[in-house]
Amino acid sequence: MKKTENQMLVIFGASGDLTARKLIPGLFNLYLAKQLPPNFVVLGASRSDLTDEAFRDRVVYKSPYLKEKIKKLDESEVKGFADKLFYMDLGKDYDTDYAPLRKRVESLKADHGTSGNIMYYLSTPPTLYETIAQNLSEAGMNTQNNGWKRLIVEKPFGYSLETARQLNKGLHKYFTEPQIYRIDHYLGKETVQNLLVTRFSNSIFEPLWNRNYIDHVEITNAESVGVEKRGGYYDKSGALRDMFQNHLLQIVSLVVMEPPIGDQPEEIRNEKVKALKSLRIMKDEQTLFDNTIRAQYVASEINGEKVKGYREEEGVDPNSTTETYAAIKFFADNWRWHGVPFYVRTAKRMPTKVTEVVIHFKAPHHQIFKDSGMQSKDNKLIIRIQPDEGILIKFGVKVPGQGFKVERANLDFYYSSLAETYVMEAYERLLLDAMQGDATLYARADEVEAAWEFVDPILDYWKNGKDVRMYGYAAGVWGPENADNLMNGFGFWRNPGENLADDPGYCVIC
Ligand SMILES: NC(=O)C1=CN([C@@H]2O[C@H](COP(=O)(O)OP(=O)(O)OC[C@H]3O[C@@H](n4cnc5c(N)ncnc54)[C@H](OP(=O)(O)O)[C@@H]3O)[C@@H](O)[C@H]2O)C=CC1
Ligand SMILES: O=C1O[C@H](COP(=O)(O)O)[C@@H](O)[C@H](O)[C@H]1O
């Protein structure tokens, strides 16, 4: 087991949603699992006027996210954790002299023996990331001569290739690349990491993992919720920026990458960057028209309840052209994947919440049982990222009786069947990794830029292209019907648990 050294975590934007919803619950779990180092404190910093006690109330004692957990625990256990939390009001601005912050850090370090190791977590609006890094540097808080200093940076990492480059450049003025941990919470999901293990620790999959045996790859990320209370943020982002550029291209990179030499962070990240760089960039309007589809959910009823359309959501422009659905077909231009199409879609207000990777294998080259019911392209490897985390293999078996009638059967593995196994939440795992200095599951600067390089032309086309459509889909269905056109020749999207024929269809709304 790796060692977690004594340290302090300073969270900027500590009065915000992410801190209460993900960071503190993640740390609480680590505390309960005895994974925090003996000398550890959290210093929350934001502009809100809070005392240490008020901060503890907000993120622990009165937190809706910890309510159920706390009920089952001893008071002293909860107090043991809450007493590690402190708060500092930064004044009215994050762009200020950090000398008082430094003083507070020094005093906490002296009182709690946390050593000079400090993790800074940027959980503010992204416009403040560089400012905070600069102010830390000006206060001498980024120097590593008395302990390491690391910087965790939340998404979104840029709004485009240009802004991502600017941000990388800005942060690199004050922190070196090895000090920077760009978080992508999908990489903290056990099943996303399992993609590496499935591929590279079995001898049965990797020999087939190429253009000779794989027909196409399909990745679905569906959410049943709409934009919830984040309409203001989402309307400036959209599905492509919010999910595809980061989480889904991270999954793609793990599917596409070549075997790394070993399991060291740079060995794995080097291969992921190569994979992302191999994605064929769509340059002309026709290619972009043929291979990309965007759509918005429109008002509907789900289980008898009226559901708002995207343009009626709070914080969303009533004439918004921001997509809540994106489906993209693309190729990886390299030896392994030549000619194999990748179909990736992400959307809100789908019938269910599911994320899965489907590897569709080619049909056997000589179909001996073709008259007996064996469908071509029937072999599938389905990696269920969430929910029901696991792996499903679909294969043909003989129907008992005379002749050779073939039916499809399932070999199904569920993570939940591994009794006694504690599966960490994504943020919990990623926080622990960063605390231990392991950047394997964090995105490197060149990785993020390579992803933007692929996404930028699509965003540009959707904004400025001539024949761009924005389709509508009724909230609660599997997106616009014409998304199947992307699949030309490859059938339909796999809609887990649903029958496409129930889809009431689509309309062009602009
Ligand atoms: N919430 C989530 O589920 C997710 C969030 N993220 C990212 O994490 C970061 C934090 O998210 P979240 O906590 O939801 O954000 P919030 O909007 O809740 O903001 C976090 C804190 O930043 C400060 N802040 C907000 N607006 C401003 C402003 N204009 N100027 C200065 N300070 C401001 C506020 O603290 P105060 O006013 O006290 O200074 C606020 O508490 C963002 O970059 C977001 O994109 C990423 C994935 C998921
Ligand atoms: O980063 C984000 O992810 C969530 C979905 O995360 P999941 O772990 O629940 O799959 C998404 O709702 C949100 O819009 C996006 O910003």
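Counting convention: from 1, in listed order, for ligands and their atoms alike. FYI, side chains are in, hydrogens and waters are out, and symmetry mates aren't considered; it's all heavy atoms of this structure. Quantities reported herein were computed from a predicted structural model and do not represent experimental measurements.
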Cut-off 3.5 Å, no hydrogens considered: what does the side-chain donor-acceptor table look like for residues 429-445, sequence neighbours left out?
| residue | atom | partner | partner atom | Å |
| --- | --- | --- | --- | --- |
| Arg429 | NE | Asp433 | OD1 | 3.2 |
| Arg429 | NE | Asp433 | OD2 | 3.3 |
| Arg429 | NH1 | Gln193 | OE1 | 2.5 |
| Arg429 | NH2 | Asp433 | OD2 | 3.4 |
| Gln436 | NE2 | Lys2 | O | 3.3 |
| Gln436 | NE2 | Thr4 | OG1 | 3.0 |
| Asp438 | OD1 | Thr440 | N | 2.9 |
| Asp438 | OD1 | Thr440 | OG1 | 2.5 |
| Asp438 | OD2 | Lys2 | NZ | 2.5 |
| Tyr442 | OH | Leu430 | O | 2.5 |
| Arg444 | NE | Asp446 | OD1 | 2.9 |
| Arg444 | NH1 | Glu266 | OE1 | 2.5 |
| Arg444 | NH1 | Asn270 | OD1 | 2.9 |
| Arg444 | NH2 | Asn270 | OD1 | 3.0 |
| Arg444 | NH2 | Asp446 | OD2 | 3.0 |

Seminar exercise, completed: Residues Trp493 and Ala327: closest non-hydrogen pair is CZ2-CB, 3.9 Å
For this session: Decide whether an N or O pair under 3.5 Å exists between Thr124 and ligand 1.
Result: yes
Problem set entry | For atom 20 (C) of ligand 1, the protein heavy atom that lies nearest, with its residue and separation | Ser123 O, 3.4 Å
For this session: Would you check whether Pro125 has a nitrogen or oxygen atom less than 3.5 angstrom from a nitrogen or oxygen atom of ligand 1?
Result: no
For this session: Number the atoms of ligand 1 from 1 as they appear, then name those within less than 4.0 Å of a heavy atom of Gly16, with their elements.
Result: 13 (O), 18 (O), 20 (C), 40 (C), 41 (O)
Exercise. Hey, does the side chain of Tyr31 reach the backbone of Lys84 with a donor-acceptor pair shorter than 3.5 angstrom?
Worked result: no
Seminar exercise, completed: Lining ligand 2 at under 4.0 Å, by non-hydrogen atom distance, are residues Lys155, His185, Tyr186, Lys189, Glu223, Arg230, Asp242, Met243, His247, Lys348, Lys353, Gln386
Seminar exercise, completed: Under 4.0 Å between heavy atoms, the region of Arg21 that gets near ligand 1 turns out to be side chain
For this session: For salt bridge (Lys or Arg N to Asp or Glu O under 4.0 Å), just list the numbers for Arg230 and Asp17, CA-CA rounded to whole Å, side-chain angles, deciding distance to a tenth of an Å, and then say yes or no.
Result: CA-CA 11 Å; Arg230 296 169 70 221; Asp17 173 70; 6.0 Å; no
Exercise. At a 4.0 Å threshold, what atoms of ligand 1 neighbour a non-hydrogen atom of Ser46?
Worked result: 35 (O), 36 (P), 38 (O), 39 (O)
For this session: Going by heavy-atom distance to atom 21 (C) of ligand 1, choose the closest among Gly13, Ser237, Ser48.
Result: Gly13
Exercise. Does a side chain donor of either Asp95 or Thr131 reach within less than 3.5 Å of an acceptor in the other side chain?
Worked result: no
For this session: Find the distance between CZ (Arg182) and CD (Glu447) and round it off to the nearest 0.5 Å.
Result: 9.0 Å
For this session: Please identify which atoms of ligand 1 are closer than 4.0 Å to at least one heavy atom of Pro126.
Result: 43 (O)
Exercise. Is it true that the NZ or CZ of Arg294 lies under 6.0 Å from the centre of Tyr325's six-membered ring and within 45 degrees of the ring axis?
Worked result: no
Seminar exercise, completed: Going by the 4.0 angstrom heavy-atom rule, the piece of Tyr94 near ligand 1 is side chain
Exercise. Any luck finding a side-chain donor-acceptor pair between Asp235 and Tyr310 under 3.5 Å?
Worked result: yes
Exercise. At their closest point, which heavy atom of Tyr65 faces which heavy atom of Ala20, and how far apart are they?
Worked result: CD1-O, 3.3 Å
Problem set entry | Ligand-residue contact atoms, ligand 1 with Tyr129, heavy atoms, under 4.0 Å | 43 (O)
For this session: Answer yes or no: is there a side-chain heavy-atom contact under 4.5 Å between Pro156 and Asn246?
Result: no
Problem set entry | Shortest protein heavy-atom distance from atom 11 (O) of ligand 1, along with the residue and atom involved | Leu18 CB, 4.0 Å
For this session: Check each of Lys229, Lys92, Arg230, Lys155 against atom 7 (C) of ligand 1 and report the one with the nearest heavy atom.
Result: Lys155
Exercise. For ligand 1, which part of Arg47 has a heavy atom less than 4.0 Å away: the side chain, the backbone, both, or neither?
Worked result: both
Exercise. Which ligand 1 atoms does Leu128 reach within 4.0 Å, using its non-hydrogen atoms?
Worked result: 30 (N), 31 (C), 32 (N)
Problem set entry | ligand 1-proximal atoms of Thr127, by part, heavy-atom distance under 4.0 Å | neither
Exercise. Does NZ or CZ of Arg384 lie under 6.0 Å from the centre of the six-membered ring of Tyr414, at an angle within 45° of the ring axis?
Worked result: yes
For this session: Go through Glu356 and Arg494 one step at a time and tell me if the salt bridge (Lys or Arg N to Asp or Glu O under 4.0 Å) criterion holds.
Result: CA-CA 10 Å; Glu356 64 171 30; Arg494 193 187 112 83; 2.7 Å; yes
For this session: For a side-chain hydrogen bond (donor to acceptor under 3.5 Å, both in side chains) with Trp462, tell me which candidate from Thr322, Thr321, Thr292 qualifies.
Result: Thr292
Problem set entry | For atom 14 (O) of ligand 1, the protein heavy atom that lies nearest, with its residue and separation | Asp17 CB, 3.5 Å
Exercise. Does NZ or CZ of Lys189 lie under 6.0 Å from the centre of the six-membered ring of Tyr186, at an angle within 45° of the ring axis?
Worked result: yes
For this session: Any atoms of ligand 1 less than 4.0 Å from a non-hydrogen atom of Pro156? List them with their elements.
Result: 45 (O)
Exercise. Short list, please: which atoms of ligand 1 are under 4.0 Å from a heavy atom of Ser15?
Worked result: 34 (C), 35 (O), 36 (P), 38 (O), 40 (C), 41 (O)
Exercise. Measuring from Leu43:CG to Ile11:CD1, what's the distance to the nearest 0.5 Å?
Worked result: 9.0 Å
For this session: Could you tell me whether atom 17 (O) of ligand 1 has at least one protein heavy atom nearer than 4.0 Å?
Result: no
Problem set entry | Given Val358, Leu392, Ile393, the one that forms side-chain contact (heavy atoms from CB on, under 4.5 Å) with Leu381 | Ile393
Seminar exercise, completed: re atom 46 (C) of ligand 1, the protein heavy-atom contact at minimum distance is Glu154 OE1, 3.1 Å
